Structures are given as structure tokens and as C-alpha cells.
2 protein chains.
Amino acid sequence: MSKKFEYDYPLPAVTVDMAIFTIRKNRLQVLLIQRRDDPHKGKWAIPGGFVEVGVGHKARGKQGESLEQAAERELLEETSLQRDRDQVFLEQLYTFGNPGRDPRGRVITVAYYALISPEAYRRVEAGDDAVEAAWFDVEDLPTMAFDHDQIMVAAIERVRGKIDYDPRLAKALLPSEFTSRQFRRVHEVCKGTSYDRSNFNKRFKRIVEDGRILETDDTQEPTGAGRPARLYQFPE
Amino acid sequence: MSKKFEYDYPLPAVTVDMAIFTIRKNRLQVLLIQRRDDPHKGKWAIPGGFVEVGVGHKARGKQGESLEQAAERELLEETSLQRDRDQVFLEQLYTFGNPGRDPRGRVITVAYYALISPEAYRRVEAGDDAVEAAWFDVEDLPTMAFDHDQIMVAAIERVRGKIDYDPRLAKALLPSEFTSRQFRRVHEVCKGTSYDRSNFNKRFKRIVEDGRILETDDTQEPTGAGRPARLYQFPE
DNA sequence: CCAAAAGTGTTCTCACTACACCCATGT
DNA sequence: ACATGGGTGTAGTGAGAACACTTTTGG
């Protein structure tokens with residue numbers, strides 16, 4: 001049953017690894033799994049898996065799943081997301097393929113990153129290859145397996161750089177209706193800085209005027225004290 | 001001799017494809033090859049090749065070349081670059097791996113893009129897999145093989161977006177000493193717009209004041225008429 | 001009335017834009 | 001002198017930073 005697939009040349013294995021971010025307790029966190037098996041048994045790693053590759057020519061058979069489908073599958077396996085993927089931001093990050101990055105053989109991994117709202121998933125689950133799955137603060141990460149430290153650095157850098165100009169990132173981290181304060185918190189947590197409320201509100205107002213965020217009539221938030229804030233939502 | 005390499009699971013082939021840009025005749029151009037063989041025989045395509053994958057475990061043998069090395073090798077094969085690679089900008093672009101993108105079987109390609117100065121290469125050469133190699137205007141590209149149209153769109157978008165804030169792109173397209181006019185032309189050609197000379201010079205001056213471009217004492221350019229321009233260079 | 005949070009206003013600075021003017025060189 | 005291109009200056013606009021002030025809610 002083994003060694004069934006034969007090729008003219010040596011081929012690499014291709015995996016998809018994914019940095020899954022969310023915001024919990026006002027911290028940007030990422031989902032890691034603890035590896036059940038060697039190599040790097042017991043070490044933390046970002047979730048990943050092989051890309052399903054079909055056999056044969058285009059005309060004669062399926063060639064398997066796309067890279068994005070593989071990433072999406074991985075995401076669903078780990079988080080058992082509830083809502084549709086409009087709530088999720090998923091993007092390819094970078095492809096890591098240095099020889100020696102996996103001691104078992106040549107493995108090239110296409111890294112993705114995802115942002116999900118805490119409301120969007122039920123519970124994280126340890127898969128077959130993991131003894132545990134847990135959320136880690138991005139400021140306090142363990143040493144990870146393979147070159148996953150490097151992948152995480154790139155992923156965090158991407159999130160920090162992109163949230164400023166792509167509202168889809170904030171959208172994935174927010175509930176469907178949100179206040180300008182929540183919107184600001186998301187930016188503060190991702191960037192690791194704090195913003196002046198007044199100045200950030202001007203920036204927020206411009207986004208609203210451009211139609212990239214819609215003002216609702218509701219003005220909820222019956223929190224303890226203080227004036228209730230207006231609620232906003234993303235278009236569509 | 002064939003079917004020598006056996007695996008437990010079907011594996012994809014991994015290639016590196018590369019969009020090689022330069023500036024010729026005040027136009028942003030890209031190097032394409034005309035395919036000698038099927039599939040897409042006779043069609044234009046961006047240069048590419050398989051990533052060299054070794055065999056065996058990390059401890060027992062080499063696992064082949066890195067993705068960046070593969071891209072560099074491809075670049076040298078096509079352009080027979082003369083100078084060292086400080087003159088070249090090379091960066092990973094995106095990984096394309098949709099099933100069906102190559103009719104022969106599952107092929108995942110890690111796309112790179114490179115910027116080279118016209119002074120840095122001798123002559124472009126058609127490799128074994130091509131009948132011809134030629135420079136095309138990015139505004140006037142032919143229909144290309146595989147999903148190379150899509151790759152080119154992404155590559156051009158990256159160049160246009162990144163040249164504004166990363167001086168390494170302009171550096172790769174300029175001679176070692178250059179005038180502010182040449183620097184501006186590079187930006188104009190890449191972005192496809194034109195910049196006010198005075199305003200661009202202020203921007204240029206800020207880059208110089210930040211030390212990202214150095215002012216030389218030379219003030220060459222014995223061109224026909226007009227005041228000779230000051231020469232600048234990049235650090236190091 | 002007071003605390004707390006939302007919401008707005010004022011001023012300064014800085015970068016980008018449009019446009020005008022002077023400087024240095026070859027013919 | 002004049003054409004050609006380099007270099008600089010001015011005024012307007014718009015975004016970001018620092019900071020002060022007003023408004024609306026619960027207790």
C-alpha cells in the first residue's frame with residue numbers, strides 16, 4: 001500500500017500553515033497547537049496540513065483543492081467556525097520553502113493568516129496531530145517548531161501593516177454592529193499602541209463619510225455609566 | 001529509468017516563475033519567453049522552472065535549493081546578469097496553485113518578481129524551453145500561457161504599490177550615480193503617471209535628508225543644453 | 001451634583017499640490 | 001540672446017498630533 005505514487009523527479013511536499021488571530025481580553029492572540037508527534041514533539045506550532053493533490057491530467061481527473069481551499073479547510077477544522085466566511089479575513093502570507101526546514105524531507109509551506117471574531121467560533125479543538133490547542137498572546141509566544149517563529153513574525157507584521165488601510169481586517173475582528181470605541185480598540189490592540197480618541201474619531205468619521213462604514217440609527221450599549229455610543233456596521 | 005521516485009501520497013510539482021522588469025525607452029517592460037513545447041506551445045509566458053528538490057532526510061542528504069535560490073538561478077539563466085546582485089531587486093510575489101492551472105498535472109508555482117537595470121544585463125537569451133525571449137511593454141502585453149496574465153497583474157500592482165516607499169526598487173532600476181530627474185523618471189514610468197518636478201524634488205530632498213540617498217560632489221551630465229544636474233547615489 | 005464615556009472644537013505641524021520665478025549651461 | 005533644463009519659493013489644502021471643552025447617560 002505504501003510507495004504507490006511514482007514520479008520522474010523528486011518532489012517536495014506542500015503544506016498550508018496558518019496563523020489564526022483573534023482578539024481576546026483586549027489582546028491580539030494567535031492559535032497554536034502542541035505537537036503530538038516528532039519532529040518537534042511537544043513543541044507549539046501553528047496549525048497546518050497537507051494540500052490535497054489529486055492525480056492525473058486536467059482532463060482525466062481532479063487535481064485536488066486550491067491553496068485557499070486548503071487554508072479554509074484547516075481553519076474550519078481548528079476553530080469549528082459558526083458563521084459564514086464573510087466574517088473571516090483570510091489571506092495568503094508568504095511561502096516558506098528553505099531546505100532543511102523540516103527534517104523529514106523537503107516540505108514547502110504556503111503560509112496563510114486569518115482573523116476571526118471571538119463571536120464567530122465556538123471552541124478550538126486539538127486535531128489528530130495535536131495534544132492541545134490554545135490561544136497565545138502575540139507579545140508572549142513560546143519558541144515554536146520548524147520555522148514557525150519566522151512565519152509568526154511575518155504574520156504579525158502583515159496584520160500591523162495592513163489594518164491601517166484595509167477595513168476588512170477590523171471587520172473580521174468586530175461584531176456586526178460596533179461602536180467607534182470598539183473600532184479604535186481593535187486598531188490599538190493590533191498595532192500595540194494607543195490612539196487619541198478625538199483624533200481617531202476624525203479618522204473614523206472620514207471612513208464613514210467615504211461609505212466604507214455605515215452609521216446605524218441604533219445607539220445601544222446600556223453599559224454602567226456614560227453616554228451611550230452610536231452603533232455602526234460595515235456595508236452589505 | 002523513469003518513475004524512479006516513489007511517495008506515499010500524490011505530490012504536486014513546484015515551480016518558480018518570475019516577472020523580470022526593467023526600464024527601456026522610458027517604458028516599464030517585462031521579459032517574456034515564447035514556449036517551444038506544449039502545453040501552450042507558441043504562447044508567451046514568464047520564465048520559470050522547477051525547484052530543485054533533493055532526496056532524503058535533513059541528516060542524510062541535501063534537500064535541494066531554496067525558493068529564492070531557484071528564483072535567482074532562473075534570473076541569471078535568462079538575463080546573464082553581469083554585476084553582483086546588489087544591483088538587483090528580487091522578491092517573492094505570491095504563490096499560485098489552483099488545480100487545473102497546468103493541464104499536465106498539479107503544479108504549484110511560487111511567483112517572484114525582479115527589477116534589473118538595463119546596464120546590469122548583457123542580453124536576454126531564449127532557454128531550452130523557449131524559441132525566443134523578448135521585452136514587452138507592461139501596457140501592451142500579449143495573452144499569456146497558464147495563469148501568467150494573473151501573475152503579471154499581481155506583479156505590476158506590487159511594483160506600482162511598493163516603489164513609493166521602498167527605495168530598493170528604484171535603486172535596482174538606476175545606474176550607480178543618478179540625477180533627481182532620472183529618479184523621478186523611474187517613478188513616473190513605474191506608476192504610469194507624471195509628477196510635478198518641483199514637488200517631486202521636495203520629496204527627493206527629504207529622502208536625501210533622511211540619508212536614504214546620498215548627495216555626491218559630482219555634478220555631471222554634459223548633455224546638449226541646460227544646467228548640469230547634481231549626481232546622487234544610494235548608501236553602501 | 002458627580003463620575004464616566006461620547007462627541008466636538010482649536011491649534012500646530014507637516015506633507016502634498018499647483019504654480020511661479022530664478023539659475024546655469026550650450027549654441 | 002535664447003532655449004533647455006536644474007533648482008527654489010509661495011500659497012492653499014488636507015491629514016495627523018496634542019489638548020481642551022461640551023453633551024449625555026447612570027447613580
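It should be emphasised that the depicted structure is a prediction, and the values quoted were computed from it without experimental measurement. Below, chains carry the letters A, B, ... as their sequence lines are ordered, and counting in each starts from 1.
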Counting side-chain heavy atoms from C-beta on, which of [options] comes nearest to [X]?
X: A:R206; options: D:dT25, D:dA15, D:dG7; value: D:dA15
X: B:K202; options: D:dT24, D:dG6, C:dT17; value: C:dT17
X: A:S180; options: C:dG7, D:dG7, C:dA5; value: C:dG7

Rounded to the nearest Å, what distance is computed from the [atom1] atom of residue [X] to the [atom2] atom of nucleotide [N]?
X: A:L231; N: C:dG7; atom1: CG; atom2: C1'; value: 15 Å
X: B:R197; N: C:dA18; atom1: CZ; atom2: C1'; value: 14 Å
X: A:I207; N: D:dG14; atom1: CD1; atom2: C1'; value: 16 Å
X: A:K191; N: D:dG16; atom1: NZ; atom2: P; value: 12 Å
X: B:E209; N: C:dA15; atom1: CD; atom2: P; value: 9 Å
X: B:E215; N: D:dG6; atom1: CD; atom2: C1'; value: 13 Å
X: B:Y232; N: D:dG6; atom1: OH; atom2: C1'; value: 10 Å
X: B:N201; N: C:dA18; atom1: CG; atom2: P; value: 15 Å

(message) Between B:R184 and B:S198, which residue's closest nucleotide on DNA chain D lies nearer the 5′ terminus?
(response) B:R184
(message) Can you confirm whether A:I23 sits close enough to A:L174 that some side-chain heavy atom of one is under 4.5 Å from a side-chain heavy atom of the other?
(response) no
(message) When you compare the side chain of A:R24 with that of A:W135, does any pair of heavy atoms fall below 4.5 Å?
(response)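 In contact.
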(request) Flag the pair B:R230 and B:D218 as a salt bridge only when some basic side-chain nitrogen lies within less than 4.0 angstrom of an acidic carboxylate oxygen. (result)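 Looking at B:D218 together with B:R230, the answer is no, because their closest N to O distance does not fall below 4.0 Å.
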(request) Indicate the ring-plane relationship of A:F183 and A:F234, choosing parallel, tilted or perpendicular according to the 30° and 60° boundaries. (result) tilted
(message) Please compare B:D196 and B:R203 by the position of their nearest nucleotide in DNA chain C and report the one closer to 5'.
(response) B:R203
(message) Need to verify one output field. Residue with the more 5' nearest nucleotide on DNA chain C, A:A225 or A:K205?
(response) A:A225
(message) Need one value for A:R230: base, sugar-phosphate or nothing, where a base atom within 4.0 Å counts as base even if backbone is also close, heavy atoms only.
(response) sugar-phosphate
(message) So for B:N199 and C:dA18, does any side-chain atom that can act as donor or acceptor lie under 3.5 Å from a complementary atom in the base?
(response) yes
(request) Tell me whether the OP1 or OP2 atom of D:dG7 has a side-chain N or O from B:R227 closer than 4.0 Å. (result) no
(message) To check you understand the geometry: which heavy-atom pair defines the closest contact between A:M18 and A:A71, and what is its length?
(response)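 A:M18 and A:A71 have their closest heavy atoms at CE-O, 3.3 Å.
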